[in-house]
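Any value given below was found using the heavy atoms of this structure, including those in side chains, with hydrogens, waters and symmetry copies removed.
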Amino acid sequence: MSVPPREPYSSVAEHADVLTETIDGLDEALAAVDLFDQALVAGLLRPQPAQADGLAQFAQAVTGTPLAAKVSEAAEKAAAGAAGEDHFIALAAARTALLGSVHDALLSRIEEATGRSPGQASASDPSGQQAVNLLVAARSWLSDLARCGWRGIDHDVVSGAAQVVSAMLADPDLRRLAALLDGFAAELAASCPGASLDRIPARRWADLWSRALLLTLPGAAAVSATGTATGRLLPLGVDLHEHATAAQAQVHAVFEPADGAAPRLVRASVSVPKPDTVVGAGVWQLLRPHMSLLTAVGEGRAMDLTGMPITAEGDLVWSDEHARTGEPADAFATARVALPTATVSATAPLDRHPARIAVPVFLEGFAAQQDDFALTFTLAGFRLAVDDDRIPTAGPLTPLAVAASGACIGLLRWDDGTFSVQPLAVETTVRKKAVTLHAGAWAGGTTDKNGVKAEKAATDAMAVLRERAGRLLRK
């Protein structure tokens, strides 16, 4: 990509200090959520006085909101061990609303630091008919989980999700919920019996429970109305997520509309099921055939889009027929020139959660510091934690390379009370030579010896699995 020269720019350095300022009400909202999460640990079949008190305080946190009456009633029923599915839904909605308010407050700070304006929310499209009986079955299982609590889970309780998930997978409109339930049930099954656990991930399991429960409401999983995008797509980097049974690659990019409108931050995602034997660089083999954008990212090229469906939240509903590979496009040129002026999109209601904050930023002129516990970037007197645990093994980017870097494209995140940056790409020096390293560099294939070795291992693993599957089908 040809770009005019520009002075070094950091999208957060000039106003980084706002990220350290106290946000009124944030701690109180999170404390209320924690009270509810602790109530779920022991279960709501026979609540103890401490659980009842926590539920009452949780309900008080939404006083004065449209949810207040329903949540107060639900908290009283739950405290008495008499909560039904509607009561659990009200409690899940209140918890989601509280975390949504935390999300909005944090995003407001990020917008102040980056100088970007917030997007406008849009209505969802409720079209599509979902199988109500399957939603009811899922809701029943989730309610059973709430009653027994995380300490009370066993294989009999957890296995109740299996038939529901199998039936849902056949319905495209229910696959989002099916994938969530499948992953959630797998985590719980790996932790059974709950009574023997030394540590319970109360916040995470309550997050999954609440989100799944709300997705059982008809229309809750509906996507926002879509438009179309025609113009040039300039990739910034790839965020790779791996689970034992699934993988997702999310490409963050700047979209330049052909009509000359302001550039816009967008995402394009592809998700696939995977066997647990395929890990690391081998995951690209599963993802690559479903989205040509990954090859373009690996080759450092832009893509030209024509009529690509896009949601109001900035998610491209990717279809290869609406895209063709464009000219070379350097991600760091895009980060320096196009990213600072790109507008952001609104967040879908159910995605308003602090853990889902992932804002593309460009940093340079920082001092990287590595100690025994953490890696940090210091810029304009502000120390920003580096979340190097999120760097995937499926690429050449490493924590050591990040520690030696002088510029970074990353995702600004928030976790456990602090902001951090997840590196997607860095400019660094290797053997006295300036290089750029990208987490998604192997997305389209690689000649790197480590990457080739990992891809071969994945190919062999997939061949074995196909052969075994063929034998089962022949029986």
More than 12 foreign heavy atoms under 6.0 Å from NZ of K274: is that the case here? yes
Can you tell me how far apart CD (Q60) and CG (L55) are? Round to the nearest 0.5 Å. 11.5 Å
Could you go step by step and tell me if L397 and H438 meet the side-chain contact (heavy atoms from CB on, under 4.5 Å) rule? CA-CA 6 Å; L397 187 62; H438 297 259; over 6 Å; no
Could you report the tightest heavy-atom contact between A262 and P257, atom names first, then the distance? O-CD, 3.6 Å
Counting N and O atoms only, with roles assigned by atom type, does the side chain of Q51 sit under 3.5 Å from a partner on the main chain of G43, one being a donor and the other an acceptor? yes
Taking atom CG of D154 as the centre, report whether more than 12 heavy atoms of other residues, nucleotides or ligands fall under 6.0 Å from it. yes
Spell out, as yes or no, whether a donor-acceptor pair under 3.5 Å connects the side chain of H252 to the backbone of R267. no
The test is side-chain contact (heavy atoms from CB on, under 4.5 Å); show your working for T230 and D259 and say whether it passes. CA-CA 8 Å; T230 298; D259 62 7; over 6 Å; no
Using a 4.5 Å cut-off on heavy atoms from C-beta on, say whether the side chain of L411 contacts that of P360. yes
What do the steps show when you test D171 against R176 for salt bridge (Lys or Arg N to Asp or Glu O under 4.0 Å), and what is the final call? CA-CA 10 Å; D171 186 343; R176 180 184 182 188; over 6 Å; no
How far does CD of Q422 sit from CG of L412, to the nearest 0.5 angstrom? 11.0 Å
Minimum side-chain heavy-atom gap V266-D315 below 4.5 Å: no
Does some side-chain heavy atom of P423 sit less than 4.5 Å from a side-chain heavy atom of V386? yes
Heavy-atom side-chain contact between I110 and V361 under 4.5 Å: no
Can you tell me how far the CG atom of L180 sits from the CZ atom of R175, to the nearest 0.5 Å? 16.0 Å
List the atom of V165, the atom of A178, and the distance in Å for their closest heavy-atom pair. CG1-O, 3.9 Å
Charged N to carboxylate O under 4.0 angstrom, D239 versus R390? no
When rounded to the nearest 0.5 angstrom, what is the spacing between CD1 in I23 and CG in L30? 9.5 Å
Verify, without hydrogens or angle tests, whether S159 (side chain) and D156 (backbone) share a donor-acceptor contact under 3.5 angstrom. yes
R301 side chain to T295 backbone, donor-acceptor under 3.5 Å: no
For the residue pair R139 and L213, establish whether any side-chain heavy-atom pair is separated by less than 4.5 Å. yes
Between the side chain of R151 and the main-chain N/O of V41, is any donor-acceptor distance below 3.5 Å? no
Between CG of L142 and CG of L177, what distance do you get to the nearest 0.5 Å? 7.5 Å
Atom pair CG/CG of L26 and L106 - distance to nearest 0.5 Å: 5.5 Å
Test your reading of the model: is there a side-chain donor-acceptor pair from S108 to the backbone of D104, 3.5 Å cut-off? no
Quick one: does R288's side chain have a donor or acceptor within less than 3.5 Å of a partner on A443's backbone? yes
Do V283 and V272 have side chains that get closer than 4.5 Å, going by heavy atoms? no
A side-chain contact here means heavy atoms from C-beta on lying under 4.5 Å apart; do L293 and L316 qualify? no
Are side-chain heavy atoms of L233 and M308 found at a separation under 4.5 Å? no
Given D304 and R232, is the side-chain contact (heavy atoms from CB on, under 4.5 Å) satisfied, shown in steps? CA-CA 5 Å; D304 297 318; R232 185 169 66 159; 4.1 Å; yes
Plane angle bin for W141 and F184 - parallel if under 30°, tilted between 30 and 60°, otherwise perpendicular: perpendicular
Verdict with supporting geometry, W318 and L305, side-chain contact (heavy atoms from CB on, under 4.5 Å): CA-CA 10 Å; W318 192 265; L305 309 184; 3.8 Å; yes
W150 vs W205, ring pair (Phe, Tyr, Trp, His ring centres under 6.0 Å): CA-CA, chis, key distance, verdict: CA-CA 8 Å; W150 312 133; W205 285 357; 5.6 Å; yes
E187 and S191: which non-hydrogen atoms are nearest, and at how many Å? O-OG, 3.0 Å
Judged by atom type as modelled, is there a donor-acceptor pair below 3.5 Å linking the side chain of S140 to the main-chain atoms of V136? no
Would you say Q163 has more than 12 foreign heavy atoms packed within less than 6.0 Å of its CD? no
Are R204 and D207 ion-paired here, with the side-chain N under 4.0 Å from a carboxylate O? no
Considering all heavy atoms, the nearest A161-A185 contact: CB-CB, 4.0 Å
To check you understand the geometry: which heavy-atom pair defines the closest contact between L44 and A39, and what is its length? CD2-O, 3.9 Å
Do any N or O atoms from the side chain of K70 and from the backbone of A94 form a donor-acceptor pair under 3.5 angstrom? no
Quick check: closest heavy atoms across A74 and H87, and the distance to 0.1 Å? CB-O, 3.4 Å
Indicate whether any N or O donor in one side chain lies under 3.5 Å from an N or O acceptor in the other, for D34 and Q38. no
Judged by atom type as modelled, is there a donor-acceptor pair below 3.5 Å linking the side chain of H290 to the main-chain atoms of L287? no
